[in-house]
Amino acid sequence: MRIYLDNAATTPIDTEVFNAMTPYLLNHFGNPSSLHQQGREARKAIEDCRANIADLLNASPQEIIFTSGGTEADNTAIFSAVYSEGVKHVITTRFEHHAVLHTLEALHAKGIITVSFIKHDDKGVLDIAHLVELLQVSPRSLVSVMHANNEIGNLNDIEVIGELCERYNALFHTDTVQTMGHYRHDLQKLKIHFLAASAHKFHGPKGVGFLFCRKGVKLSQLIHGGGQEGRLRAGTENIHGIIGLTKALQIAYKNINQHQQHIQSLKTYMIERLMSEVPGVIFNGNSANINGSLYTVLNVGLPSVGYSRGLLECFDEHGISVSGGSACSAGAASHVLQAIATDVTKDNIRFSFSKLNTRAEIDQVIDALNNIYQTIAA
Ligand code: PLP
């Protein structure tokens with residue numbers, strides 16, 4: 001059996017989620033826009049999902065727009081701020097996903113926006129005083145700061161950032177793709193205008209996610225066509241995906257504390273074993289700081305094996321799936337690791353955990369690592 005420790009790239013779908021989806025592929029196949037009974041049933045299923053998600057996040061159903069995933073939700077948020085809300089300046093970080101950074105680069109290249117980056121220390125911790133300075137200079141900006149980074153796991157304080165945005169009349173977009181279903185988001189309490197989420201990061205299906213857009217904030221339509229999603233996002237709804245997304249989020253919320261405790265204990269155990277058995281190991285970013293990082297991600301700089309294949313391939317040969325960084329940029333140098341102080345002589349590996357991982361698997365990974373080092377030393 002392979003060991004899967006690449007859950008920040010994607011998670012396996014929950015059987016319960018899969019079982020909830022299949023009737024919507026096989027039997028309830030109606031088009032939600034059709035006026036007959038099968039269409040009306042499909043429409044009701046989608047609207048029930050919207051209400052259930054809104055309920056979990058303490059939002060209202062009209063504030064939830066279903067999308068094809070996190071990338072579309074991020075793009076829609078940024079385009080809305082720029083084209084509908086008239087934002088001309090965006091404050092962001094060097095650590096955002098490319099769904100944000102490449103969108104900003106494209107708008108900047110066309111001369112539509114200017115972009116400022118919040119300063120950070122060598123662990124990637126943001127300098128909030130610098131954010132205040134930027135907001136003082138350009139109050140009506142869009143602030144786009146992710147809740148947690150997908151490569152090094154750094155957690156940003158979206159409660160504090162939201163308060164600052166409110167004080168300076170800025171709009172706040174946060175990418176919660178890595179934290180949705182792992183932390184509770186109370187959207188009455190958090191001063192967020194746009195939030196992006198994706199089902200496949202919390203044991204739901206791929207190709208579906210949602211954007212939260214706060215009531216009163218104007219959305220810009222990215223995909224034109226039919227009148228779906230309140231005329232905000234055209235295209236026949238991915239009904240089985242939306243059912244799966246909702247079921248996955250309900251399961252995640254129901255067991256959130258228990259899963260956090262379990263996954264956190266695996267991460268802590270792995271840190272302990274690496275520190276005691278691998279001389280020269282380092283932890284990238286704020287990854288090993290329990291309170292400052294996502295409990296599902298551990299980014300480690302390991303002594304290099306010294307030949308071209310690298311540790312990633314060695315792990316793969318041992319039946320262990322891990323990653324060198326973001327799956328979307330596989331093969332390219334990580335913009336996240338480049339932005340912080342990393343040791344370039346090390347092999348940087350991201351281990352990312354889920355509720356399905358076990359302590360025995362962590363033991364097998366450390367044993368495999370010891371075995372890899374022993375083989376090259378021999
Ligand atoms: N934002 C973050 C932080 C991510 O980790 C990812 C996926 O890796 C995305 C956005 C993109 O989400 P999706 O794959 O649903 O388009």
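Small disclaimer: the values here were computed from a predicted structure and weren't measured. All residue numbers refer to positions in the sequence shown, counting from 1. Ligands are counted one by one from 1 in listed order, and the atoms in each one are counted from 1 as well.
- Under a cutoff of 6.0 Å and an axis angle of 45°, R359 and Y269 form a cation-pi pair.
- Nearest to atom 15 (O) of ligand 1 by heavy atom, out of A9, A199, S198, A197, is S198.
- Panel note: side chain D127, backbone H130; a donor-acceptor pair is recorded below 3.5 Å.
- Distances between N or O atoms of A8 and those of ligand 1 include no value under 3.5 Å.
- Proximity of E72 to ligand 1, defined as any heavy-atom pair under 4.0 Å, is not found for any part of the residue.
- Distances shorter than 4.0 angstrom occur between a heavy atom of H200 and an atom of ligand 1.
- The one candidate from H182, H173, H97, H185 that meets the ring pair (Phe, Tyr, Trp, His ring centres under 6.0 Å) condition with H147 is H185.
- Numbered from 1 in the order shown, with element, the atoms of ligand 1 that lie under 4.0 Å from a heavy atom of Q178 read 5 (O).
- Atom 16 (O) of ligand 1 has its nearest heavy-atom neighbour, among T71, N149, N75, in T71.
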Using a 3.5 Å cut-off and no angle test, enumerate the donor-acceptor pairs between side-chain atoms of residues 371-378 and protein atoms at least two apart in sequence or in another chain.
{"unit_1": "N371", "atom_1": "OD1", "unit_2": "H318", "atom_2": "NE2", "d": "3.3"}
{"unit_1": "Y373", "atom_1": "OH", "unit_2": "P303", "atom_2": "O", "d": "2.7"}
{"unit_1": "T375", "atom_1": "OG1", "unit_2": "N371", "atom_2": "O", "d": "2.6"}

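- Within ligand 1, the atoms closer than 4.0 Å to a non-hydrogen atom of G69 are 15 (O), numbered from 1 in the order shown.
- Look at D343 and K346 and you find a salt bridge, because one of the NZ, NE, NH1 or NH2 atoms lies within 4.0 Å of a carboxylate O, short of that distance.
- With sequence neighbours excluded, no residue satisfies salt bridge (charged side-chain N to carboxylate O under 4.0 Å, His left out) with D347.
- Shown in contact with M146 at under 4.0 Å from a heavy atom are these atoms of ligand 1, numbered in order with element: 3 (C).
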